[in-house]
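Since we're looking at a predicted model, the values are computed, not measured. Residue numbers start from 1 in every chain, and the chains themselves are labelled A, B, ... in the order their sequence lines are given, proteins ahead of strands. All values below were derived from every heavy atom in this structure, side-chain atoms included, with hydrogens, water molecules and symmetry-related copies excluded.
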Amino acid sequence: MLETRYNPLTDEWVMVSSSRSARPVLPSENACPLCPGVLELEKDYDLATFENRFPALKVDAPDVVQESELLKKIKSKGVCEVVMYTSEHDSALPRMSLNQIEKLIFVWRDRTFEISRNDFIKYIFLFENRGKEVGATLSHPHGQLYAFPFLPKRIQVKVNSMRGYYHKNKKCVLCDIVEEEIEKNERIIYQNESFIAIVPFYARFPYEVHIYPKRHVTSVLDLVNKEIEDFARALKVVTMKYDKLFDQEFPYMMCFFQKPFNLNEVFDDFFHFHVEFYPPKRDKDKIKWMASVETGTWNFINPSLPKEVADRLKSIEVNLDD
Amino acid sequence: MKEYRIVLGEKFNLPDEDCVLQFEVVNFDSSKKTYNLLKLFELPVDVEKIFLNNWQSWGSCDFFSVGLDISKYFEVPPAKDFVLAFTPEPELFREKDKLMSDYFVAFSNVLIGFLKSEFSHNFFVYDKGKKTISAYVDLFGKELETGEKLVLEPLVVLKNKKIEKLLETYGALVAEKNNISADKKVRVGWCSWYHYFTNITYDELKKNIEFLKNLKEKIPYQFVQIDDGYQKDIGDWLETNSKFPEGLEGIVKSIRDAGFIPGIWLAPFSVSETSTVFKEHKDWLISDENGEPKVAYRNWEKNIYGLDLSNEEVLDWLKNLFKELKNKGFEYFKIDFLFAGAIPGKRKKIVTPIEAYRVGLKTIKDTIGDSFLLGCGAPLLPSIGIVDGMRIGADTSPEWFEDIVAPFPNSKVALRNVITRYFMNKRWWNNDPDCLLLRKEDINLPENVRRLYSFVSAALSNMVIESDDMELVDEEGLQTFVESLKLCDGEPRVFNLDTDEKVYVIGVKGLLDGNYILVANLENKEYEIEIPEDAKLWTGLREEKITVPPRDVVVVRDKIRKLKVERARRKDDNRLVNYYWDGDENC
Ligand SMILES: [Zn+2]
Ligand SMILES: [Zn+2]
């Protein structure tokens, strides 16, 4: 079953993706399906993307039969892809060269451009789940993208807030936040000419870090070459600091927030592209669970002070040539 | 956005914030009542210039000084014979102390605009003496029973934004209200008009098809469209004249055999006084108050009449006409002089000209299905959601004239509208900027002007249609075309529509090939332009100043790193796989 169901209690969509055909057989038990020539990628590659074997959204999604007036469904028409960062199995964002990360940014740009040409795509969500703590079963460095035929709930909330602020203040809220954070310089853990990385004032997870472009850009497609270089640096610095924090491969969810596509609204003036990292850890061996309050009310309780976490992350020295 | 319901006649003050106004008329009389021109409100507006828009493809859209006298252009032929092309309100249009703007109007960071035109003609009038702007709705004799209520078409008030943001926001709201999802594909083709005009012959068409076929490697032409000149008469579209001995079938076959989509031009709502349709079916025409056929315009040295699209027989004839053309193999239809179906006058049924027009246009679209429908000489808002493409300016020309108001073919006027109506593109339909002319002979446009027109049209991601005798296009001309295509497909914004000199700064982002700023100089003088902060922000470029030669264009582009991509499908389950590797062409 592949369909998207509407929840009228919360005005949100739930994607049902229950058909699980048999997992393909790997050449050996320990073989990595993402390494070149093993399973998913038939050829050798530097970077690559491929459509998920078991997608929650696909271009030729099956038609749906309505359950009732009240219980609505739509087709799960969209795109789910896996993004291969490198063919080197033991690499990871913090260990990749800046050159490789710049190439990865090109891949994100290419996918965003190509997929956004489809009228039915309204939102392109780039992300990475790193570590078994957030459900990543394969260690080979990769991210994913989901291209939705609607705006997911939290994206709607973000768009509404940013739009609201813009209408009231005639300015972009993230432009204002960037300005204030740079001026205060309390929570910034890294910055270069084009980006800042901060533990935000409103962090929900103890080690949450956001990366904001200094210029008002709306998606990865808007970036100029200099910003791509600086974005690569910011991504590498943040993930290196994470790994050095407890001297371990630090798990995280990395989410990219771009403007919506193919909707009849001008998002360009108020939607500011940004990246959010949500690490599940609150200490070296402790997990910050998404428990009742977080899941049931969407309200987070952050057990640490963003400024103190920022001080700690800021003080971790990293060498970009590593 | 807040919505206000106002019963016409009740007192109301224009709200201070952005809002939608929904007026209603109610017949409080004890008998049936006929409604014509209704004034919704009148605002004091003390400004030097106003952004005006004409109702139709060819009409101007620009800031004009409030002292402008448009009416003088329509006092003598040929414009005098074309008044109905430019307004369904000829009396008001001719008043010297008034300026009309159809659908929307903008002045000092305010835009007021109607979101639809499905049954009424909706417009604004600036009164030079009173210094006011009034919003009007013409219901053309619509009848309401006692107590009956009619909800008029909604309008929006947008405030406190620069003109480009006002226009883009208005464009998006209109698209939203009309439920439009315009596709994003850039279309590339060839059209016979601007070299051959009505002198096109079958042999010349075949010659050009051969040239285009040989160029396919270099330029991805998709369609070849025969223009005016093949038909027996205006109204008699299925019969060709003696220049096309093999008929429409021959045209289709030649185009299709070369691997192109066959396209055809026609003026389906127009009928000439010498055509068979006119002779046999005078009752099919829109008539005047005496019941005599009403001349819609004069062209081809003939009187041209408009078809009554409220008449079922006419609709059947239209259906049959387009079914025949589609059956013959045409898949791209440029339909021209469409205003002829929307002129005021007597029709068989009591419907407004706008309602009749939409029924006619829908009949065509329903008949041709997936084929591409390009509107021209068409009322803008009533066509929305029906046409796939739309001409948004005057006819271009192998000539460049300085006068920016006169309603004649002129590449300058045409290009100006490409810039000022950029916000409609990909929101309402695909903008047709009119054709690119790239030949070196038989033309009065120097290379810089040819490049200016091509680059601007492409940067704004319009349709890209060439109209030349391809034998006369040299390597340089082809190169201009290839360079133009590299500018397509981004997210453009024009940053200085309020400029007094016609020197425009266009920023484009959202492209894999890199963001760029394009400066288009429509004046006959070199300019050093200071790049607006907003344009730098939009593109991320830091250029402070750009110098642009007279009637020329300059593009400053970010040098961005690119990878090579190989797109493949898996053999076992057809999943898409993209392989990327180094090989940046740009760096
Ligand atoms: Zn691997
Ligand atoms: Zn911003």
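Only the side chain of K165(B) comes within less than 4.5 Å of a heavy atom of chain A; its backbone N, CA, C and O stay farther away. Residue contact with chain A, scored on non-hydrogen atoms closer than 4.5 Å, is absent for K426(B). Residue R569(B) touches chain A through its side chain alone, counting heavy-atom pairs closer than 4.5 Å. Residue N118(A): no heavy atom, backbone or side chain, is found under 4.5 Å from chain B. Of the two parts of R493(B), only the side chain, counted from C-beta on, holds a non-hydrogen atom closer than 4.5 Å to a non-hydrogen atom of chain A. Heavy atoms of K259(A) lying under 4.5 Å from chain B belong exclusively to its side chain. Of the two parts of K170(A), only the side chain, counted from C-beta on, holds a non-hydrogen atom closer than 4.5 Å to a non-hydrogen atom of chain B. Residue V174(B) does not touch chain A at all, counting heavy-atom pairs closer than 4.5 Å. Residue contact with chain A, scored on non-hydrogen atoms closer than 4.5 Å, involves the side chain of E491(B) exclusively.
Using a cutoff of 4.0 Å between basic side-chain nitrogens and carboxylate oxygens, D269(A) and K162(B) are not scored as salt-bridged. Look at E193(A) and R542(B) and you find a salt bridge, because one of the NZ, NE, NH1 or NH2 atoms lies within 4.0 Å of a carboxylate O, short of that distance. A salt bridge does not link K571(B) with E42(A): none of the charged nitrogens is closer than 4.0 Å to a carboxylate oxygen.
R111(A) CZ to N578(B) CG: the interatomic distance, rounded to the nearest 0.5 Å, is 4.0 Å. To the nearest 0.5 angstrom, W581(B) atom CH2 is 12.0 Å from K103(A) atom NZ. Interatomic distance, CD1 of I180(B) versus CG of D119(A), reported as 11.5 Å (0.5 Å rounding). Put simply, CG on N264(A) and OG1 on T169(B) are 12.0 Å apart, with the number rounded to the nearest 0.5 Å. To the nearest 0.5 Å, atom CG of residue D268(A) and atom NZ of residue K509(B) are 3.5 Å apart. C175(A) contributes atom SG, which lies 7.0 Å from atom CG of L537(B) (distance to the nearest 0.5 angstrom).
Around the CD atom of E530(B), the shell of radius 6.0 Å holds no more than 12 heavy atoms that belong to other residues, nucleotides or ligands. Residue E88(A) places its CD atom among 12 or fewer non-hydrogen atoms of other residues, nucleotides or ligands, all under 6.0 Å distant. When the shell of 6.0 Å around CG of D370(B) is examined, it contains 12 or fewer heavy atoms from other residues, nucleotides or ligands.
Note: L47(A) leads V82(A), L47(A), V220(A), L263(A) in heavy-atom pairs under 4.5 Å with chain B. Between chain B and the options F50(A), F106(A), Y45(A), heavy-atom pairs under 4.5 Å are most frequent for F106(A). Among N160(B), L173(B), T539(B), the residue with the largest count of heavy-atom pairs under 4.5 Å with chain A is T539(B). Contact count against chain B (heavy-atom pairs under 4.5 Å) is highest for T49(A) among L41(A), T49(A), L221(A). Annotation: maximal heavy-atom pairing with chain B below 4.5 Å, among I228(A), V266(A), I105(A), D110(A), occurs at D110(A). Between chain B and the options E227(A), E40(A), H167(A), the largest number of non-hydrogen pairs under 4.5 Å is found for E40(A). Heavy-atom pairs under 4.5 Å with chain A were tallied for N179(B), D534(B), D489(B); the largest tally goes to D489(B).
Checked by atom type and distance alone, the side chain of R53(A) never pairs as donor or acceptor with a backbone atom of R575(B) at under 3.5 Å. Counting only distance, with no hydrogens or angles, the side chain of D46(A) and the backbone of D582(B) share no donor-acceptor pair below 3.5 Å. Using modelled atom types, no side-chain atom of N225(A) and backbone atom of D558(B) make a donor-acceptor pair closer than 3.5 Å.
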(request) Would you please test K43(A) and V577(B) for side chain to side chain contact (heavy atoms under 4.5 Å, CB included) and show each step? (result) CA-CA 10 Å; K43(A) 298 205 300 191; V577(B) 183; over 6 Å; no
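Side-chain contact check for Y579(B) versus D44(A): every heavy-atom pair is 4.5 Å or farther apart. Counting heavy atoms from C-beta outward, E51(A) and D573(B) have side chains that stay 4.5 Å or more apart.
Nearest approach of R109(A) to L511(B), heavy atoms of both residues: NH2-O, 3.0 Å. When all heavy atoms of N515(B) and V224(A) are compared, the closest pair comes out as ND2-CG1, 3.7 Å. Between L576(B) and E81(A), the shortest heavy-atom distance links the atoms CD2-OE2, 3.9 Å.
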